[in-house]
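Structure, as structure tokens:
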Amino acid sequence: LHCDVDDASSVIEARRAVAETLGKPPCRVRLLAPWGDLADTPDGDLRGVGVLQVYVLPDPMERMFADLLHVEHFGDLSDWREIRLNGWQQLTALPEHIGSLSALE
């Protein structure tokens, strides 16, 4: 993936540009410089940073769904054939990618 952030005046602006390129909300994108996460310096200057690594955080709904089912990642549910949702009052919607769990009946 190539996203030019040379003209970005801050980490926040660069994160927005990368998020737009990925089609993700900026809150799910983290930028990593060689010395660490740039979230600690959101107004920081990007001059001299060089190549950035991008980390996309899991979808919050997928994370909650995985937690409720006691699995580490939403993708760990790919082999499940059945999920019982009885008694899940805190679940107000299903994850966007629930349809990718093709083993569900």
Side-chain angles (χ1 to χ4, degrees):
L1 171 73
H2 177 76
C3 180
D4 187 359
V5 295
D6 288 341
D7 294 333
S9 62
S10 68
V11 173
I12 292 172
E13 196 174 306
R15 196 169 83 186
R16 281 188 191 129
V18 171
E20 185 176 316
T21 300
L22 293 171
K24 304 288 182 195
C27 64
R28 289 191 47 210
V29 173
R30 292 289 180 264
L31 301 178
L32 305 173
W35 57 85
D37 191 346
L38 294 176
D40 298 334
T41 57
D43 296 326
D45 190 349
L46 291 175
R47 284 180 289 194
V49 171
V51 175
L52 295 172
Q53 290 184 354
V54 175
Y55 180 74
V56 179
L57 299 172
D59 177 275
M61 183 61 73
E62 289 180 5
R63 175 78 259 146
M64 182 172 66
F65 204 73
D67 288 346
L68 289 168
L69 292 168
H70 306 288
V71 296
E72 189 173 353
H73 304 286
F74 182 78
D76 294 340
L77 301 169
S78 63
D79 295 353
W80 287 38
R81 298 179 56 80
E82 178 180 84
I83 296 174
R84 296 193 182 267
L85 303 177
N86 299 344
W88 285 13
Q89 291 80 17
Q90 69 267 43
L91 188 65
T92 58
L94 293 175
E96 181 180 342
H97 294 104
I98 191 78
S100 69
L101 303 177
S102 57
L104 289 177
E105 296 180 350

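Quick note: numbers below take in every heavy atom, side chains included, and nothing from hydrogens, waters or symmetry partners.
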Rounded to the nearest 0.5 Å, what separation is found between the CD atom of Q53 and the CG atom of L31?
10.5 Å
Interatomic distance, M64 atom CE to M61 atom CE [nearest 0.5 angstrom]
4.5 Å
Taking R15 for its side chain and P26 for its backbone only, find out whether a donor-acceptor pair lies under 3.5 Å.
yes
Any donor-acceptor pair under 3.5 Å linking the side chain of R30 with the backbone of Y55?
no
Would you name the heavy atoms of S100 and F74 that are closest together and state the gap between them?
OG-CE2, 4.2 Å
Which heavy atom in A19 sits nearest to a heavy atom in P25, and how many Å separate them?
CB-C, 4.0 Å
[X] side chain near [Y] side chain, heavy-atom distance below 4.5 Å:
X: E62; Y: H73; result: no
X: V54; Y: L32; result: no
X: R28; Y: P58; result: no
X: W80; Y: L69; result: yes

Verify the cluster assignment for [X] and [Y]: are they in a single hydrophobic cluster under the rule of side-chain heavy atoms below 4.5 Å apart?
X: L52; Y: V56; result: yes
X: F65; Y: V71; result: yes
X: L77; Y: L68; result: yes

Check this for me: does any side-chain nitrogen of one of D67 and R63 sit under 4.0 Å from a carboxylate oxygen of the other?
yes
